[in-house]
Amino acid sequence: MKQNLFVYNTLTRKKEQFEPLNAPHVGMYVCGPTVYSDVHLGNCRTYISFDLIFRYLTHLGYKVRYVRNVTDAGHLEGDTDEGEDKISKKAKLARLEPMEIVQKYTVGFREVMKIFNNLPPSIEPTATGHIIEQIELVKVMLDNGFAYEVDGSVYFDVEKYNATHDYGMLNGRNLEELLNNTRTLGGQQEKHGKLDFALWIKAKPEHLMKWPSPWGVGFPGWHLECSAMSHKYLGDQFDIHGGGLDLVPTHHTNEIAQNVACCGKNPAKYWVHTNMLTVNGQKMSKSLGNSFLPDELFTGNNHILNKGYSPMMVRFFMLQAHYRSTLDFGNEAMEASEKGFKRLMTAFGLLGGLKASGANEYDVAALKQKCYEAMNDDFNSPVLIAELFEASRVINSVHAGKLKLDVENIELLKELMNTFVIDVLGLKDEHTENEELPKVLDFIVKLRNEAKGNKDYATSDRIRDGLQKIGFQLKDSKEGTTWSKV
RNA sequence: GGUCGGAUGGCCGAGUGGCUAGGCAGAGGUCUGCAAAACCUUUUACAGCGGUUCGAAUCCGCUUCCGACCUCCA
């Protein structure tokens, strides 16, 4: 399906028409999690955003290879050689093998992704599985003269690189600005320039995760794995490179420099960045202590939360904001969103029972077109959702007999809802009743209607109120009584 | 301090020059034995000040406030 898709590119700070390098194939690389602790909700937002993008591109018919790495090699805590590897530190404290830590949080991360109904990426490469590739890249950078070795460590020479390339192309800053604003940190004696960053770091004897290299035993620098793995699986140049907005100034800037230094090419055509999830206006992050874990959200077991929210509801809440806007987390907003989500899914559930009529009073095709226009405008899920609420209104009206749709339009409406609610937004109905439950409820409803028929309202209300308490709501209408889970 | 981004009605959140965003909440109505749900109608906006324009939430300038990055961070 040919669509006029526009994508905001951080490189140009503009929305650009999406034209894959090798259509119908699309290569997308997204910076994944560092698996030294539980993934928090802010991280989840980024992966839900890219899942939306992955799903939409796939829906449009592109053959997407979606690569999302798992950073399991551990990064330094500070910009110093004294910094301790995060994974090693945790391992020592817990007296576990580093890879045990990695395994635990990798498994946890994948579980959370599944709970949020994120599709698995095509490839999830690990940093430790690509040490050789990373070493190879360092060799190339040394050969090309953009890197230098000092006592078993290798650094990238930013000023030399910038003499022939634009180091600040992604964050829009020139080198002078960057040099003037870099704080003086300890442990930089080995570096030739203030902005130089490590490609390979000499390991101290107590360091747990380390590998042999041409420069001695050490471990890869913080930005190298993404260059190595994106290059290995997607080539010199691919279509989309994504990640959180906070990766722009350092991680992605350095990544571009590495790839250019190796292959002479900016690795990605479109750089896509998702904005932060905030709590009371502040970025959610581990270090600020305002982050919370998915499980706390589901159970409501957190001092910020009034109650728990279901995973699909949270996903819906996040998709109600555009991925490039900050999204502030709050109970009131969540509760409002929850009601909206139920409204949407209730309408979705009515689709199967809609009765076609000879006449047709609504142009579903036009609404469908609006849905595509929303998504084509830089994956504007909030506008798409607004259109889906319009679709819900249509469904409810037809259900109530107040609006007529012919067979063709009803089919179109079903297709529209299935496409956008299920396939593109990745939402699903969470009701998990067993097979007998509907039968039991139908039987109770039948008993109640008998009481109602006898004008025994005391009994019929008792049944209705009782079911309400258990969590089932009865709705009377001319066509009969329906029930739904609250 | 430097760079970048933001400020929309009670809450959240779209929208980049004229055309209803949407959800939740509030008000009125239809339906109903009563409810609920649904449907219809409806109130409350574009941080402040100036400028450009026939016309600005939208463009420009200034002010105030907030945030992000500059140090690992999605």
Side-chain angles (χ1 to χ4, degrees), chain A residues 13 30-34 36-37 39-50 71 74-80 83 86 168 171-174 177-178 180-183 185 222 242-251 273-278 281-288 291 316-317 320-322 324-344 346-347 350 370 374 377 380-390 392-393 395-397 399-403 452 455-457 460-461 464-465 468 473-478 481-482 484 486:
Chain A
R13 317 231 158 198
V30 173
C31 291
T34 302
Y36 64 82
S37 64
V39 62
H40 69 66
L41 205 61
N43 308 125
C44 293
R45 185 190 180 199
T46 293
Y47 303 124
I48 287 173
S49 295
F50 282 105
T71 297
H75 287 171
L76 289 176
E77 282 190 332
D79 190 18
T80 73
K86 278 185 180 172
N171 61 1
R173 307 191 63 177
N174 62 45
E177 282 174 349
L178 290 167
N180 290 336
N181 288 305
T182 303
R183 294 181 196 180
L185 297 165
W222 332 314
L245 199 59
D246 49 358
L247 298 181
V248 171
T250 307
H251 181 61
H273 293 98
T274 59
N275 216 318
M276 300 292 108
L277 184 68
T278 61
Q282 273 206 318
K283 175 182 171 181
M284 181 181 285
S285 75
K286 282 167 197 162
S287 49
L288 285 170
S291 67
F316 179 77
F317 170 74
Q320 264 193 311
H322 189 260
R324 279 192 293 114
S325 299
T326 54
L327 173 61
D328 198 56
F329 190 90
N331 281 293
E332 223 181 322
M334 291 288 285
E335 281 173 34
S337 203
E338 183 173 46
K339 288 180 186 172
F341 177 58
K342 281 182 180 165
R343 183 172 142 80
L344 180 69
T346 301
L350 292 174
K370 282 187 181 175
D377 183 14
N380 198 326
S381 56
V383 170
L384 169 64
I385 288 170
E387 303 299 350
L388 293 177
F389 276 116
E390 167 70 5
S392 302
R393 191 186 63 76
I395 291 167
N396 288 329
S397 294
H399 177 72
K402 290 178 176 173
L403 186 73
K452 249 178 84 179
K455 296 205 188 291
D456 179 7
Y457 297 124
S460 70
D461 286 359
R464 184 176 65 194
D465 296 346
Q468 180 82 36
Q473 186 170 71
L474 299 189
K475 297 167 192 170
D476 293 331
S477 73
K478 281 177 183 169
T481 303
T482 58
S484 64
V486 179

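Per chain, numbering begins at 1; letters A, B, ... match sequence-line order.
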Expressed in whole Å, how much space separates the [atom1] atoms belonging to [N] and [M]?
| N | M | atom1 | result |
| --- | --- | --- | --- |
| B:U8 | B:A57 | P | 15 Å |
| B:A25 | B:G13 | C1' | 14 Å |
| B:A21 | B:C62 | C1' | 31 Å |
| B:G15 | B:U64 | C1' | 25 Å |
| B:C19 | B:G55 | C1' | 13 Å |
| B:G51 | B:G9 | P | 25 Å |
| B:G6 | B:U58 | P | 13 Å |
| B:U20 | B:U41 | C1' | 14 Å |

Sugar-phosphate, base or nothing in reach of [X], heavy atoms under 4.0 Å:
| X | value |
| --- | --- |
| A:M284 | base |
| A:L388 | nothing |
| A:P382 | base |
| A:A336 | base |
| A:G42 | base |
| A:K452 | base |
| A:Y47 | sugar-phosphate |
| A:L247 | sugar-phosphate |
| A:N396 | sugar-phosphate |

Complementary nucleotide for [N] - Watson-Crick or wobble, under 3.5 Å:
| N | result |
| --- | --- |
| B:G67 | B:C4 |
| B:G61 | B:C49 |
| B:C39 | B:G29 |

* Closest nucleotide of RNA chain B for A:C31 versus for A:R13: which of these residues is on the 5' side? ->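 Result: A:R13.
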* Start at the 5' end of RNA chain B and walk down; is the nucleotide closest to A:C44 or to A:G281 reached first? ->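 So the residue in question is A:G281.
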[atom1] of [X] versus [atom2] of [N]: gap in Å, rounded?
| X | N | atom1 | atom2 | value |
| --- | --- | --- | --- | --- |
| A:L327 | B:U8 | CG | C1' | 16 Å |
| A:N275 | B:C66 | CG | P | 19 Å |
| A:L178 | B:G2 | CG | P | 15 Å |
| A:K339 | B:A36 | NZ | P | 13 Å |
| A:D328 | B:U8 | CG | P | 11 Å |
| A:L245 | B:G6 | CG | C1' | 12 Å |
| A:H273 | B:G67 | NE2 | P | 23 Å |
| A:L384 | B:A21 | CG | P | 19 Å |

Side-chain N or O of [X] closer than 4.0 Å to phosphate OP1/OP2 of [N]:
| X | N | value |
| --- | --- | --- |
| A:N171 | B:C70 | no |
| A:R343 | B:A38 | yes |
| A:S325 | B:A14 | yes |

Measure from the side-chain heavy atoms of [X] and tell me the nearest of [options].
| X | options | result |
| --- | --- | --- |
| A:S460 | B:A14, B:G33, B:C73 | B:G33 |
| A:L277 | B:G33, B:A21, B:A74 | B:A74 |
| A:A333 | B:C34, B:G23, B:C12 | B:C12 |
| A:N43 | B:C11, B:G22, B:C73 | B:C73 |
| A:A321 | B:A68, B:A14, B:C72 | B:A14 |
| A:N380 | B:A14, B:C39, B:A74 | B:A14 |
| A:S397 | B:A14, B:C24, B:C39 | B:C39 |

* Report yes or no: is there a donor-acceptor pair, N or O only, under 3.5 Å between the side chain of A:R464 and the base of B:C34? =>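 Under the 3.5 Å cut-off, the side chain and the base do form a donor-acceptor pair.
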Less than 4.5 Å apart, side chain to side chain, heavy atoms only: is that true for [X] and [Y]?
| X | Y | result |
| --- | --- | --- |
| A:V383 | A:D377 | no |
| A:T274 | A:R45 | no |
| A:C31 | A:L247 | yes |

Could you tell me whether a side-chain N or O of [X] sits under 3.5 Å from a main-chain N or O of [Y], the two making a donor and an acceptor?
| X | Y | result |
| --- | --- | --- |
| A:S337 | A:M334 | no |
| A:T481 | A:K475 | no |
| A:N43 | A:H40 | yes |

* To do: Measure across A:A374 and A:L384 and return the closest heavy-atom pair with its distance rounded to 0.1 Å.
  => CB-N, 3.6 Å
* To do: Over all heavy atoms of both residues, which pair between A:D328 and A:F317 is shortest? Give the atoms and the distance, please.
  => O-CZ, 3.7 Å
* Asked: Has A:Y457 got its ring stacked on the base of B:G33, with centres under 5.5 Å and planes less than 30° apart?
  ->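 It does: the two rings, one from A:Y457 and one from B:G33, meet the stacking criterion.
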* Asked: What's the verdict on side chain to side chain contact (heavy atoms under 4.5 Å, CB included) for A:N275 and A:H322, showing C-alpha distance, side-chain angles and the deciding distance?
  -> CA-CA 9 Å; A:N275 216 318; A:H322 189 260; over 6 Å; no
